[in-house]
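Any value given below was found using the heavy atoms of this structure, including those in side chains, with hydrogens, waters and symmetry copies removed.
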Amino acid sequence: MLSTCLARWGYKIKHIDNRAEPTPTGRADGIQPRSLDLLRNMGLKSAIMAHKPARVYEVAFWDPPKTGGQGGIVRTGTWASCPNFIDARYPFTTLLHQGMIERVFIGDLQKNGVQVQRPWTIKGFTSDEKANPEYPVEVQLEHVDGEARETVRAKYLFGGEGARSFIRDQLKIGITHKDPIAYVWGVMDGVVKTDFPDIKMKCTIHSEHGSIMVIPREDNMVRLYIQIASSTDPDFNPRKTATVEEVQASAKRILQPYSIEWERVEWYSVYPIGQGISDKYTLDHRVFLGGDACHTHSPKAGQGMNTAFLDALNLAWKIHAVEAGFADRSILETYEPERKEVAETLLSFDNKYAKLFSQRPPAASDIAAATSTGKTEEAENEFIKTFKESCAFTSGYGVFYKANALNWSASHPAQSHVILDPATAGTRLQPGRLYINSDVTRVTDANVVHLEQEVPLNGSFRIFVFAGKPSVTARALKDLAANMSRKGSFYSAYTRPDAETVSHHEKHNPHSMFYTVCTVFSAPRAQIEISRDVPALLARYVDHIYADDRWDRHVPDAKAAAHAKMGLDEERGGVVVVRPDGYVGVVVKLEEGSATVDALNAYFGSFTTKKLGETQAQL
């Protein structure tokens with residue numbers, strides 16, 4: 001993910017992998033709804049969907065029957081994996097094995113001239129900005145069989161080498177283990193023949209014989225997770241293992257009264273799960289860690305690969321902003337706090353989830369005996385309660401970042417009466433949270449489009465000008481464009497050096513590599529005339545002018561649904577700055593005069609390399 005982003009943005013990448021080939025089978029397999037949005041934004045979703053992955057819309061819960069003495073399991077409920085209260089484009093989890101996903105990235109890397117060097121490994125590195133400010137990192141690489149060596153000088157080193165990270169060990173960064181309880185799980189991918197009715201669904205099954213999780217997969221396969229041991233067992237051994245046959249026998253017992261037979265086993269692995277989080281993600285903002293090198297947890301909620309994607313995305317755009325001369329180096333200091341906070345939340349959720357999943361339910365006879373006390377109802381529903389609460393987080397939409405220079409708050413250096421504080425202004429957009437999804441009509445060709453997908457992942461900040469009603473905001477729009485054009489504004493300070501010769505067909509970055517501007521009117525498409533209603537600077541982004549005229553079930557009474565979903569005035573609009581990774585930076589009123597651009601200058605000026613907005617006073 002990191003290499004793909006940086007290679008696309010023109011950087012020279014050396015990418016090594018100690019495996020001789022991409023993952024052939026198994027390992028991670030779940031892409032959550034928010035990650036699918038991201039892959040679509042990168043233009044990679046269709047390549048992944050071409051593998052015909054399974055899609056999980058619902059999760060089924062199976063438990064022993066409440067009435068005693070029967071044994072077996074019954075379905076006790078189902079729950080949407082991404083319920084309606086989450087405004088998701090793709091309300092399902094996409095399931096296919098990690099190798100297929102890797103190959104999609106590798107194909108894109110090759111288009112951008114990057115070959116993954118295999119099977120190579122890292123033997124050592126040093127990082128010293130004083131000795132070499134330009135390329136402070138020196139890395140020693142070696143072919144895994146020791147026959148060849150290389151020394152590379154680099155601006156940065158990233159270690160995404162998983163839970164047993166060499167780079168993390170060399171930096172002497174410790175791991176804090178959150179949960180002293182450890183579990184040993186078996187995972188098996190294969191094709192089965194069964195009369196269990198929910199084999200095509202994601203299921204969590206508790207029985208008197210143990211717990212199992214069912215995950216449907218591509219090519220008629222199914223993945224089973226089964227607990228083999230827990231540190232609460234009297235004879236616990238974290239190296240305890242089990243053969244394929246033992247796990248199959250255990251699955252047969254748990255699934256009674258249903259039968260299950262394996263036609264073939266594609267992949268099988270046994271591993272202990274310890275919950276850990278890396279104490280640091282970087283020491284010097286030159287050598288970074290991400291993914292499983294920073295956080296390990298159970299695979300039950302399908303979060304590992306998704307969290308790793310977002311670690312990489314967060315770091316990629318920040319490195320780009322610094323190296324391209326736009327942002328101050330200090331923004332690299334936001335990588336660790338933003339991403340570590342997410343990992344902490346993930347681990348506390350996973351802790352609850354894994355514990356619940358691993359606890360054997362009370363035997364049916366105990367339930368019958370205890371029903372009169374009413375206590376069992378509580379315990380039985382604890383799992384489902386945790387599951388429901390965590391849907392927003394597991395889908396990826398609940399992830400948020402706390403206040404810093406990039407995510408405006410009341411303590412941000414940029415202060416102005418036009419900045420909308422979500423705590424008081426009624427806007428639904430919150431800095432540090434994902435930009436809200438909406439449908440609009442593109443004015444040039446009348447296509448109905450997903451507004452949040454209109455700007456591809458190009459490393460630019462996305463400026464959404466919600467222009468309200470043209471008759472109301474005409475003056476404010478003209479003032480916005482005029483002040484953006486002024487020398488020293490956030491926009492003009494970072495003009496492309498080749499702006500005069502840029503192709504007429506350049507949609508996203510005609511003026512600047514750091515901004516893409518979209519304008520959304522609260523009017524039916526037929527009433528918008530670009531030459532009359534849109535100032536020239538905004539009109540240059542002709543493919544990014546939209547009519548907010550589509551009905552939306554989330555705001556059924558709104559005339560302009562996108563404005564309403566954002567919590568912006570449908571007549572007066574507002575300006576929304578979205579970070580390159582899709583999270584909201586700041587929301588500003590669209591006002592006549594210079595206040596709107598002054599506030600944007602102050603926001604961007606808190607982390608850009610140039611002083612902004614100061615030349616205006618001298619003109």
Which atom pairs, one a donor and one an acceptor, fall under 3.5 Å between side chains of residues 285-294 and the rest of the protein, sequence neighbours left out?
unit_1: R286; atom_1: NE; unit_2: E129; atom_2: OE2; d: 2.7
unit_1: R286; atom_1: NH1; unit_2: K155; atom_2: O; d: 3.1
unit_1: R286; atom_1: NH2; unit_2: E129; atom_2: OE2; d: 3.1

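- Checked by atom type, the side-chain pair H508/D543 shows no donor-acceptor distance below 3.5 Å.
- Defined by atom type and a distance below 3.5 Å, a donor-acceptor pair is present between the side-chain atoms of N407 and R579.
- Across all their heavy atoms, I436 and E452 have their closest contact at O-CB, 4.5 Å.
- Remark: A474 pairs with no residue by the side chain to side chain contact (heavy atoms under 4.5 Å, CB included) rule, at least two apart or across chains.
- Between F461 and the options F514, F490, F326, a side chain to side chain contact (heavy atoms under 4.5 Å, CB included) holds for only F326.
- Neither side chain, D108 nor T4, offers a donor N or O lying under 3.5 Å from an acceptor on the other.
- Using a cutoff of 4.0 Å between basic side-chain nitrogens and carboxylate oxygens, D37 and R89 are not scored as salt-bridged.
- Residue R8 comes nearest to N112 through the heavy atom pair CG-ND2, 3.6 Å, listed as atom of the first residue, atom of the second, then distance.
- Listed by chain and number, the residues in a side chain to side chain donor-acceptor pair (under 3.5 Å) with K478 amount to none (sequence neighbours excluded).
- Y541 pairs by the ring-ring contact (aromatic ring centres under 6.0 Å, His included) definition with H511, not counting sequence neighbours.
- Of the N and O atoms on the side chains of T441 and D549, at least one donor lies less than 3.5 Å from an acceptor on the other residue.
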Are Y397 and F393 close enough, and set up right, to give a ring-ring contact (aromatic ring centres under 6.0 Å, His included), and what steps lead you there?
CA-CA 6 Å; Y397 290 106; F393 185 76; over 10 Å; no

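- E336 and T282 are not linked by any side-chain donor-acceptor pair at a separation below 3.5 angstrom, with hydrogens and angles left out of the test.
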Counting only pairs under 3.5 Å, give me each side-chain donor-acceptor contact of residues 586-593, with atom names and distances, residues two or more places apart or in other chains.
unit_1: E591; atom_1: OE1; unit_2: H417; atom_2: NE2; d: 3.1

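- Scored by the ring-ring contact (aromatic ring centres under 6.0 Å, His included) test, Y90 finds no partners at all (sequence neighbours excluded).
- Relative to the ring axis of F92, R55 places its NZ or CZ within 45° and under 6.0 Å from the centre.
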